[in-house]
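Only one structure is covered here, and it is reproduced in the block below.
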Amino acid sequence: MAPTVVVIGGGATGTGTARDLAMRGFDVTLLERGNLTHGTTGRTHGHLHSGGRYAVSDQESAIDCIEENRILRDIAPHCIEDTGGLFVQLEGDSDEYFQEKLDGCAECGIPTEVISGEEARRQEPYLTGETKRAIRVPDGALDPFRLAVANAADAIEHGARVETHAEVVDLLTDESDVTGVRFRRQGPNYRGEGSEGDVETIEADHVVSAAGAWAGQVAAMVDVDVVMAISKGAMVVTNVRQIDTVINRCLPKDEGDTIIPHETTVLLGANDEPVDDPDDYPEEQWEVNMMIDVASEMIPIIENARMIRAYWGVRPLYDPDPEGTEDTGDVTRNYFVLDHEERDDVSGFTSVVGGKLTTYREMAESVTDHLCDRFGVDAACRTHEEPLPGSRDPSILEEYMGRFDLRSPVAKRSVQRLGDRAPEVLGSEDPNPVVCECEAVTRAEIRDAIKDVGADLNTVRLRTRASMGNCQGGFCTHRLGAEVYHDHEAPTARDAIDELYQERWKGQRHTLWGRQLSQAMLNHMLHATTMNHDADPRLRGDTIDFTAFDAGRKTSTVTDEGSTNGD
């Protein structure tokens, strides 16, 4: 009988671990307290690291990054935009550090090319005229949502059970052995099963915590200390894509010195501030202002760009030598597999902590190797060579651009998102209008997502990017809601619309000035006035007298001759 394993955490590392375990024959259940990517993975800036950022300060992490960068390009090309990256040196920046960066990249096996300031500006015209020279590296943009979903989908294909909205509230124990978990549903899972408050227990031979910044809280359930070095980082989103290349400042690692193009926007970030609680930390305006100021030194046009939202995430850092580190920016980005039997005399329990989005697959391989050794499973890892769902044939990108009679950018982006599922989803003969113009998402994609996840429009958003563009859902939220009405009752659809609108509003609060303030007010008017949500009788508990709308209306009849008469 296959060993049973529960994986806690539905981010990239958790879904990747579930996939690897399932592929090697384990009986796997993955539990995530929210939607997939609810924690750290859904709040990263999606940087596919070449390793260049760590080539001087943390070479072990840098080597991991370049190795996994190459693997992800093979197994998940549909989750990556190959933007390339530049480390730019501005006038006055250190020549000595520029050479240290080059030397460090060479030592870590990271390919580089030095280009002049003029060539860098030909590649990125909005770079400051103060650009002296730059180092090209194989950075890229990585879609964390599609990556985690693809891993979860493949885990399911290999027999895993995935439960979303399932918060682990306790670890089951038998003396010093962990024997399973107890979880409470925070709502129906992605299949629409279960209800909020339902409690379930799962017996397991082993429990793996891939809970990221929450690993300490999970370990505390069995009185094990896993002291995380958690730090928060703010990211700011511009309204258009001012650059097409990942831009880094070639200085010793600092805050806010990376700019990443992502879909139709650009992300600025991030800072590095230690926090105690991954669920409760301040989101401060000065952090947003600093991101804009630092980015504007490299790309001056950023200073006058419209910022459509800001968001914060927490890094799941782990520092095995906290006494030797004073700054969270110096904490290693490497990962650790903590065998709690060996470390804490608590068997049946392992944590995988630290690491980065780029190295999630290697983390999953390491913890799965650990369990294979423990259970005597003789099965080699295959996740580095087997493509994720949707990535097998990139050539269909061009082929389907014309086939579905859509504008080329729409077709291209649809196929990028869907990968080899494009024929299945887009092949319908039904009308397929664009629902979200900002992100070029069509009705077929929306309907496909709703079919899988139900009326949860925030999950539909994560799968399709609908409502994540310039207007932040102002013009497409009600259209998304209209698609929910096909299969759900009106109250469910209205709640789904409100939840999506609130999620979009949450991130805009720190960027409300200038044109973004005007856009936010327009969105409010569309939602609250046009859709009557600020005076919704349903919310006030009023009863609507529909007959009053017909008072004084003439009764019409149709004669045999087809004419209309009124009283």
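Small disclaimer: the values here were computed from a predicted structure and weren't measured.
No side-chain N or O of Thr359 forms a donor-acceptor pair with one of Asp64 less than 3.5 Å apart. Side-chain N/O atoms of Asn334 and Glu60 include a donor and acceptor closer than 3.5 Å. A donor-acceptor contact closer than 3.5 angstrom links the side chains of Arg53 and Thr258. Side-chain polar atoms of Thr511 and Arg309 form no donor-acceptor pair below 3.5 angstrom. In the model, Gln472 has no side-chain atom that pairs as donor or acceptor with a side-chain atom of Trp505 under 3.5 Å. Side-chain N/O atoms of Asn69 and Asp139 include no donor and acceptor closer than 3.5 Å. Under the 3.5 Å distance criterion, with hydrogens and angles disregarded, no donor-acceptor pair is assigned to the side chains of Glu439 and Thr464. Residues Glu362 and Tyr335 have side chains that bring a donor and an acceptor to within less than 3.5 angstrom of each other.
Taking 4.5 Å as the limit, some side-chain heavy atom of Thr15 sits within range of a side-chain heavy atom of Leu36. Using a 4.5 Å heavy-atom cutoff, the side chains of Ile110 and Pro138 are in contact. Side-chain contact between Leu90 and Thr131: present, with at least one pair of heavy atoms (C-beta onward) separated by less than 4.5 Å. Considering only heavy atoms from C-beta on, Thr358 stays 4.5 Å or farther from His47 through its side chain.
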message: The test is side-chain contact (heavy atoms from CB on, under 4.5 Å); show your working for Arg343 and Val224 and say whether it passes.
response: CA-CA 9 Å; Arg343 179 180 182 270; Val224 167; 3.8 Å; yes
- prompt: Hey, mind stepping through Glu297 and Thr128 against side-chain hydrogen bond (donor to acceptor under 3.5 Å, both in side chains) and telling me if it holds?
  reply: CA-CA 7 Å; Glu297 293 178 9; Thr128 174; over 6 Å; no
- prompt: Do Thr13 and Val352 pass the side-chain contact (heavy atoms from CB on, under 4.5 Å) test, and can you show the C-alpha distance, the side-chain angles, and the key distance before you say yes or no?
  reply: CA-CA 8 Å; Thr13 304; Val352 54; 4.0 Å; yes
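For Arg504, there are no salt bridge (Lys or Arg N to Asp or Glu O under 4.0 Å) partners at least two apart in sequence or on another chain. In this structure Thr383 satisfies the side-chain hydrogen bond (donor to acceptor under 3.5 Å, both in side chains) test together with Arg361, sequence neighbours excluded. For Thr238, the side-chain hydrogen bond (donor to acceptor under 3.5 Å, both in side chains) partners at least two apart in sequence or on another chain are Gln242. Residues passing the ring-ring contact (aromatic ring centres under 6.0 Å, His included) test with Phe349, sequence neighbours excluded: His340. Taking Asp339 as the reference, Arg374 meet the side-chain hydrogen bond (donor to acceptor under 3.5 Å, both in side chains) condition, with sequence neighbours excluded.
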Could you list the donor-acceptor pairs under 3.5 angstrom formed between side-chain atoms of residues 76-89 and any protein atom two or more places apart in sequence or on another chain?
from	atom 1	to	atom 2	distance (Å)
His78	NE2	Pro389	O	2.8
Glu81	OE1	Arg241	NH1	3.1
Glu81	OE2	Arg241	NH1	3.4
Glu81	OE2	Arg241	NH2	2.6
Asp82	OD1	Arg73	NH1	2.9
Asp82	OD2	Arg73	NH1	3.4
Gln89	OE1	Arg133	NE	2.6
Gln89	NE2	Asp93	O	3.1
Gln89	NE2	Ser94	O	3.4
Gln89	NE2	Asp95	OD1	2.7

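A ring-centre distance under 6.0 Å is not found for Tyr311 and His510.
The two residues Thr40 and Pro316 have their closest heavy-atom pair at CG2-CD, 3.8 Å. Val162 and Ala152 get closest at one heavy-atom pair: CG2-O, 4.4 Å. Nearest approach of Ala22 to Ala155, heavy atoms of both residues: CB-O, 3.9 Å.
Using cut-offs of 30° and 60° for the angle between ring planes, the His370 and His206 rings count as perpendicular.
Counting non-hydrogen atoms of other residues, nucleotides and ligands closer than 6.0 Å to CG of Asp276 gives a total of 12 or fewer. For Gln285, the CD atom is densely surrounded, since the number of other residues' heavy atoms within 6.0 Å is greater than 12.
Separation of atoms OG1 (Thr112) and CD1 (Ile115) is listed at 11.5 Å; rounding is to 0.5 Å.
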